[in-house]
Amino acid sequence: AVKNDNWHDANTNFNILNDIWNSGKYIVAFNNGEQNFSNTTDILQGLRGVIEAKDKSTTLQKVYQFKDNWKNFKRIIPNP
C-alpha cells in the first residue's frame with residue numbers, strides 16, 4: 001500500500017498488524033530476548049507516526065525492520 005501511496009490501506013494494515021502484535025506479544029516476549037521485543041515495540045510505535053505523516057521512505061524502512069525481527073522471532077534459536 002505504501003509503495004503505491006495508498007495511505008488509507010497502509011493505516012488499515014497497520015491497525016491489523018498492531019492488533020495481532022498486541023494479542024501475541026507476551027508469547028513473543030517469553031520466547032525471545034527483551035531487546036528484540038522492545039525493538040519491535042518501538043518500531044510499531046514509530047510506524048504509526050510515519051504512516052500518519054505519510055513519510056514513504058521511513059515507513060518502508062520500519063516495515064522492513066519489523067519483517068526482519070518477525071523472521072527472527074519465528075526461528076527456533078533466534079539470532080543475537
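In this structure, the separation between CG on N69 and OG1 on T40 is 3.5 Å, given to the nearest 0.5 Å. Taken to the nearest 0.5 Å, the CG atom of N13 stands 9.5 Å off from the NE2 atom of H8. Distance check, rounded to the nearest 0.5 Å: OG1 of T12 to CG of L17 gives 12.5 Å. Taking NZ from K54 and CG from D5, the interatomic distance works out to 9.5 Å, rounded to the nearest 0.5 Å. Interatomic distance, W70 CH2 to I43 CD1, rounded to the nearest 0.5 Å: 12.5 Å. Expressed to the nearest 0.5 Å, how far CZ of R48 lies from CD of E52 amounts to 7.0 Å.
Looking at F66 and L47, their side chains never come closer than 4.5 Å, going by heavy atoms from C-beta outward.
For the pair N18 (side chain) and F14 (backbone), a donor-acceptor distance under 3.5 Å is absent. Of the possible donor and acceptor atoms, none in the side chain of K62 sits under 3.5 Å from a partner among the backbone N and O of G46. Side-chain atoms of T58 never come within 3.5 Å of backbone atoms of D55 as a donor-acceptor pair (strictly under, hydrogens ignored).
Smallest separation of non-hydrogen atoms from K56 and K3: NZ-O, 3.1 Å. Looking at every heavy atom in both residues, V50 comes nearest to W7 through O-CZ3, 4.3 Å. Shown here for A10 and A1, the closest heavy-atom pair between the two residues is N-CB, 3.7 Å.
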